[in-house]
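Keep in mind the model is a prediction, meaning the values are calculated, not measured. Every heavy atom of this structure was used, including side-chain atoms; hydrogens, water molecules and symmetry mates were not. To find a chain, count down the sequence lines: A is the first, B the second, and so on, and within it residues start at 1.
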Amino acid sequence: MKRLVLLSFAFALAVGAQAQILWTGAEDIDFPNGPNPACTSTNSTYSADRPGFGRGIVNSCGAGLTARSLAFPGGAVTSAWVHAQSTGDNDFLLGLVKSGTLNSVLFQVQENGAVSLSKWDGTTLTVLGTSATGIIPTAPTTQLDFQIQNYGASCVLKIYVNASSSALLSYSGNCAVGSNTNLDAAIISQYGDVYNNEGYSEIIVSSADTRALGGTSGLVTLAPNANGALQQWIMPGYQNINPISINDSNFTNDNTAGDMTRYKMTCLPSGTFSILDVRVIARGAKQTSGITSVALGFYNGTSDQLGASQGLAASFGSVESDFAENPFTSAPWQASDIGCSSSSTTLNLELKSGS
Amino acid sequence: MKIKLCLFAGLISLLVPCAAFAQGAHRYWRVNVTQTYTSGNQVSCAELELHSVIGGPNVATGGTPIASSNDGDTPDRCFDGNPSTYWASATSTLPQWIGYDWGSGNTAGPIVEIKWTARNCCQAQEPIAFDVDYSDNGSIWTATWYYNNPALTWTASQSITFTLSVTQGFVQVGIGPIGTIYSVPAGTLLVYTCKSESSISSLSLTDSGTGASFAEALIDSGHANNVAIYYGTTASMGLPNVSVTGCPNNYTLTSLASFAESGTPAVEETNSCYNGASPSTCSITTTSASAIFSAQAGFHSNNIWSANYPTTLLAQANGSDALAVGYQGARAGSNTASYNFTQGGTDNAPLELVAFTNVELPWTAGIAVSKANVYAVIQSSAPPPPTKIRHSATIQ
């Protein structure tokens, strides 16, 4: 009876409360910072991703390498959930970090199928606890939800496997690292010494319980798959901006403020669902002369809605805009709003040149 | 191979002796690996030979092996003649390089061939893309030729010889005497001008690779100041070469642009115009989404390029007096685009306009975007029930 009560409570948290999505990521473009920008790979041997959700998996590119995301647009947090699909026993660390540092709290799926909780200052990895071995199978993917409560001297860290009602592993105590008092970015690292093509997919950072985001829920990658309603940029072909792994040799470019280029996107899965958040991320750079910024957003067949214009650096890096609601309706996203539908209400992804 | 105005009949005979291009000898040479057989791996080699003559002996002797990094397996193990030992980079972060320092006062090269032997276990760590670079101080490196073959496969302990003449190009950063055959990477626009008052007597383009390839040249044979524009071969072809002869001295390489190719490059249209009166105008219409255009005319400040779609100037000889120009153009949708080049001046010089398609270029101003994703967090209205795990633990 006691267990039934707990289950009901967890369900109410997941569905009844609207989660605030702090950040999402699934590919190399989402981890552009830190010592080593991340890699995206596809490898059917390891059941690299869940069909219909992601295009591949992200990892740190190799032993001892670490990559950070952009800072969360909503600012730093002390409590959050980190959701991911682990491709087998990938040996990578995943967690939250303070931008500009490697001070982080993380979980790791180890090669022996154990899961551990750790904190790291970029030099010393302090393991806070390790589960029994054989928890995580080699394949296929396993849902992991990492809960951080009250980051600091009296924090609680928990890791849940496959949306279990009870944590696989819990830690209570001091999880503070360095002098930072909060966390504001995602981090992926391989502290060990194994080279492989495994990693994580569907990474979601939320203020609320993420355990309901597995199964038929999750993070869907919508990649450009056709040119849309307008191409004012040079070399605007969608193939130039939709690689699974970053390829800066192919690009679309522009030097006229206000120019717009639009793209159709791949499909959402079929089924009935709500959309909690939509985020656009792009990798770009500027030359030494001409315009320097880009705005990211959508075109609905009549008008466009764009995030803030984002300045680009001289070397390629990532910029992003988050849309918690449909910007045209200021209402929650509907499944028919976005994706590959031919409906007139289906949005085009839009890149717009800034000044 | 399409060769236009290939006027130098003796060119083929120059190919072999000139294959060692004019990069000279230097104290340092290296192989800079930009891609491994399997991504995400460190770079390693069991043995490496550097050859200054194709098929010749290893010249990496008497000096000191050097490398970008090592994981404890030091670079000397790549040159010790023992394939059981190896050099390995410290990390998988690319590029990583392995090279040789012949010591102060000593030089070797140019390196026109390398023989790379894979470790007996770890073919995933072997290169499928690299460039061969030289340096005179060990810190500033100049690329001379490169190799890039995503289809290349490695097996354990395999040895592969990479030869300049069968690799894919040459990053042309220096320039030697006119008349020398230069190897250029696929997708290169070169603009030569003769500063002397002599005309180019002949202009030649050729390709030493096999299979279909592509080259195009323009020559203004009736003009005191001359130009050659060359567009390289496809990336999968052999080494392309360009030779410009007949300009006896004081020529300059005014500008150079390199660009990637998307698919097989082709001339969509060539329009040779000479109407006997000035101004003469060439027009081209293309249905390609992007194209390179080359135009050639005399030194005239009134040369005018116009188009109904935006173009970007890539390279231009002699400053604003357009002797030769390369433009990148782009067209939206399936519409055609019209481009015009009008020659200023009154000397009735011949004028030709060529459109090359399936090319992609570095952008020269403004911004570029190389990847974009949209992420949607979806939540099913019927989330899966929580499952019970096999073990749990609390640590405090």
When [options] are compared by non-hydrogen pairs under 4.5 Å with chain B, the top option:
| options | answer |
| --- | --- |
| A/Asp30, A/Asn242, A/Leu157, A/Val220 | A/Val220 |
| A/Ala282, A/Gly284, A/Ser274, A/Pro37 | A/Ser274 |
| A/Arg283, A/Lys158, A/Lys286, A/Arg55 | A/Arg283 |
| A/Gly218, A/Ala257, A/Ala26 | A/Gly218 |
| A/Asn36, A/Thr221, A/Ile204, A/Asp322 | A/Thr221 |
| A/Ile29, A/Val280, A/Ile246, A/Thr24 | A/Ile29 |

Measure across [X] and [Y] and return the closest heavy-atom pair with its distance rounded to 0.1 Å.
| X | Y | value |
| --- | --- | --- |
| B/Ala368 | A/Phe316 | O-CE2, 4.1 Å |
| B/Ile367 | A/Ile291 | CG2-O, 3.4 Å |
| A/Ile244 | B/Lys371 | O-NZ, 2.7 Å |
| A/Pro243 | B/Ser370 | CD-O, 3.7 Å |
| B/Gly366 | A/Asn255 | CA-OD1, 3.2 Å |
| A/Leu65 | B/Thr91 | CD2-CB, 4.2 Å |

Given heavy-atom pairs under 4.5 angstrom as the criterion, report whether the side chain, backbone, both or neither of [X] touches chain B.
| X | result |
| --- | --- |
| A/Leu349 | side chain |
| A/Leu268 | side chain |
| A/Phe298 | side chain |
| A/Ser318 | neither |
| A/Leu219 | both |
| A/Glu27 | both |
| A/Tyr238 | neither |

- At what distance, to the nearest 0.5 angstrom, does OH of B/Tyr375 lie from CD1 of A/Ile203?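 It is 9.0 Å, given to the nearest 0.5 Å.
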
- CG-CG distance between B/Asn373 and A/Leu296, expressed to the nearest 0.5 angstrom: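 Here the rounded value is 11.5 Å.
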
- Item | B/Ser380 backbone acceptor or donor facing A/Ser217 side chain under 3.5 Å |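 Present.
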
- Contacts of type side chain to side chain contact (heavy atoms under 4.5 Å, CB included), residue A/Ala313, not counting sequence neighbours: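 Partners of A/Ala313 under the side chain to side chain contact (heavy atoms under 4.5 Å, CB included) test: none.
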
- Task: Could I get the full list of side chain to side chain contact (heavy atoms under 4.5 Å, CB included) partners for A/Asp259, not counting sequence neighbours?
- Result: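 Scan of A/Asp259 (side chain to side chain contact (heavy atoms under 4.5 Å, CB included), adjacent residues dropped) gives A/Gln232, A/Trp233, A/Asp254, A/Thr256, A/Ser353.
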
